[in-house]
Enquirer: 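Here it is, the structure, as structure tokens.
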Amino acid sequence: MEVLLHACCAVCSVECVRALQEEGLSLRLFWYNPNIHPWTEYKARRDSLLAFAGEQGIEVLRRDEYGLRPFLTALGPPPPPAPPERCALCYRLRLNLTASLAAKEGFAAFSTTLLISPYQNHELIKELAREAAREHGTSFLYRDFRPRYAAGQRAARERGYYRQKYCGCLFSEEERYLKSPAKN
Ligand code: SF4
């Protein structure tokens, strides 16, 4: 069974890939993260993911667009919504395209490395991924990868993968450094 695994970065991918391979699943990764800004941050995360995939011999499908403007457009007219509404729009953008690609390319199912992070809104991701699967006529493979988060962080540190300091969008960067109480 082949699964399309949406990958947000190398750090989150390491243990998700390992877990799914341990189940005997074959994988291709999908890079589509228009929420990551600015450009230098986008490039650092993308290149690190590509390096990881190359080492593992895993093919990466890509919708490789730096998405500052499309992302802001997707958030609607200003002011931008706060989490969780902002994150719901962000997840939906990425999960819908992943589900649509999985259906189009005949994958048995899709999943996402977002499910490993304790800092993401896990229940919301699960709900929106199920919705995207229904909408596109494919299957969502749900796994709670969170118990493997620390192992992924360790492996990424040891292998020298780029480790981001904030979730992805410019708003999350501001929240991280201004230490706003807003959570996604
Ligand atoms: S905080 Fe993260 S999940 Fe939420 S909108 Fe920004 S990039 Fe997306």
Enquirer: List in chain and number order the residues that pass side chain to side chain contact (heavy atoms under 4.5 Å, CB included) with E105, two or more places apart in sequence or in another chain; answer none if no residue qualifies.
Expert: L101, F107
Enquirer: Taking side chain to side chain contact (heavy atoms under 4.5 Å, CB included) as the definition, give me every residue that meets it alongside R157, ordered by chain and number, with sequence neighbours left out.
Expert: R154, R163
Enquirer: Is there a side-chain contact between L25 and L141 in this structure, where contact means two heavy atoms from C-beta onward sitting under 4.5 Å apart?
Expert: yes
Enquirer: Can you sort out the partners of E173 under side-chain hydrogen bond (donor to acceptor under 3.5 Å, both in side chains), two or more places apart, ordered by chain and number?
Expert: none
Enquirer: ring-ring contact (aromatic ring centres under 6.0 Å, His included) with Y142: which residues, sequence neighbours excluded?
Expert: H122
Enquirer: Taking salt bridge (charged side-chain N to carboxylate O under 4.0 Å, His left out) as the cut-off, I'd like each qualifying pair that reaches into residues 110-125, sequence neighbours left out, listed once.
Expert: E123-K126
Enquirer: State which residues pass side-chain hydrogen bond (donor to acceptor under 3.5 Å, both in side chains) with R130; sequence neighbours excluded, sorted by chain then number.
Expert: none
Enquirer: With sequence neighbours excluded, what pairs up with K104 under the side chain to side chain contact (heavy atoms under 4.5 Å, CB included) test?
Expert: none
Enquirer: Determine, using ring centers only, whether H37 and Y42 are less than 6.0 Å apart.
Expert: no
Enquirer: Is the shortest side-chain N to carboxylate O distance from E174 to R176 below 4.0 Å?
Expert: no
Enquirer: Any side-chain to backbone donor/acceptor pair from S172 onto C169? Under 3.5 Å, distance only.
Expert: yes
Enquirer: How close do A88 and L128 get, counting heavy atoms only, and between which atoms?
Expert: O-CD1, 3.6 Å
Enquirer: Looking at CG of L72 and CG of L170, how far apart are the two atoms once the value is rounded to the nearest 0.5 Å?
Expert: 7.5 Å
Enquirer: Holding to ring-ring contact (aromatic ring centres under 6.0 Å, His included), I want the full list of residues that pass it with F140, two or more places apart in sequence or in another chain.
Expert: F110
Enquirer: Any idea which heavy atoms bring Y166 and P38 closest together, and the distance?
Expert: OH-CD, 3.4 Å
Enquirer: Do I36 and Y66 have side chains that approach each other closer than 4.5 Å (heavy atoms only, starting at C-beta)?
Expert: no
Enquirer: Taking all heavy atoms of A99 and all of T138, pick out the closest pair and write down the distance.
Expert: O-CG2, 3.6 Å
Enquirer: Can you name the residues that form a ring-ring contact (aromatic ring centres under 6.0 Å, His included) with F52, not counting sequence neighbours?
Expert: Y161
Enquirer: Would Y91 and Q120 count as having a side-chain donor-acceptor pair, cut-off 3.5 Å?
Expert: yes
Enquirer: With sequence neighbours excluded, tell me which residues meet side chain to side chain contact (heavy atoms under 4.5 Å, CB included) with A44.
Expert: Y162
Enquirer: Would you call R46 and L50 a side-chain contact if the rule is heavy atoms closer than 4.5 Å?
Expert: yes
Enquirer: Using a 4.5 Å cut-off on heavy atoms from C-beta on, say whether the side chain of N35 contacts that of C90.
Expert: yes
Enquirer: Shortest non-hydrogen contact from S139 to A108?
Expert: CB-O, 3.6 Å
Enquirer: Could you go through residues 3-17 and list every donor-acceptor pair under 3.5 Å that involves a side-chain atom there, pairing it with any protein atom two or more places apart or in another chain?
Expert:
residue	atom	partner	partner atom	Å
H6	ND1	T112	OG1	3.0
H6	NE2	Y32	O	3.0
H6	NE2	N33	OD1	3.1
S13	OG	C9	O	2.6
E15	OE1	R148	NE	2.9
E15	OE1	R148	NH2	3.2
E15	OE2	R18	NE	2.7
E15	OE2	R18	NH2	3.0

Enquirer: Go through the structure and list residues passing ring-ring contact (aromatic ring centres under 6.0 Å, His included) with H136, not counting sequence neighbours.
Expert: none
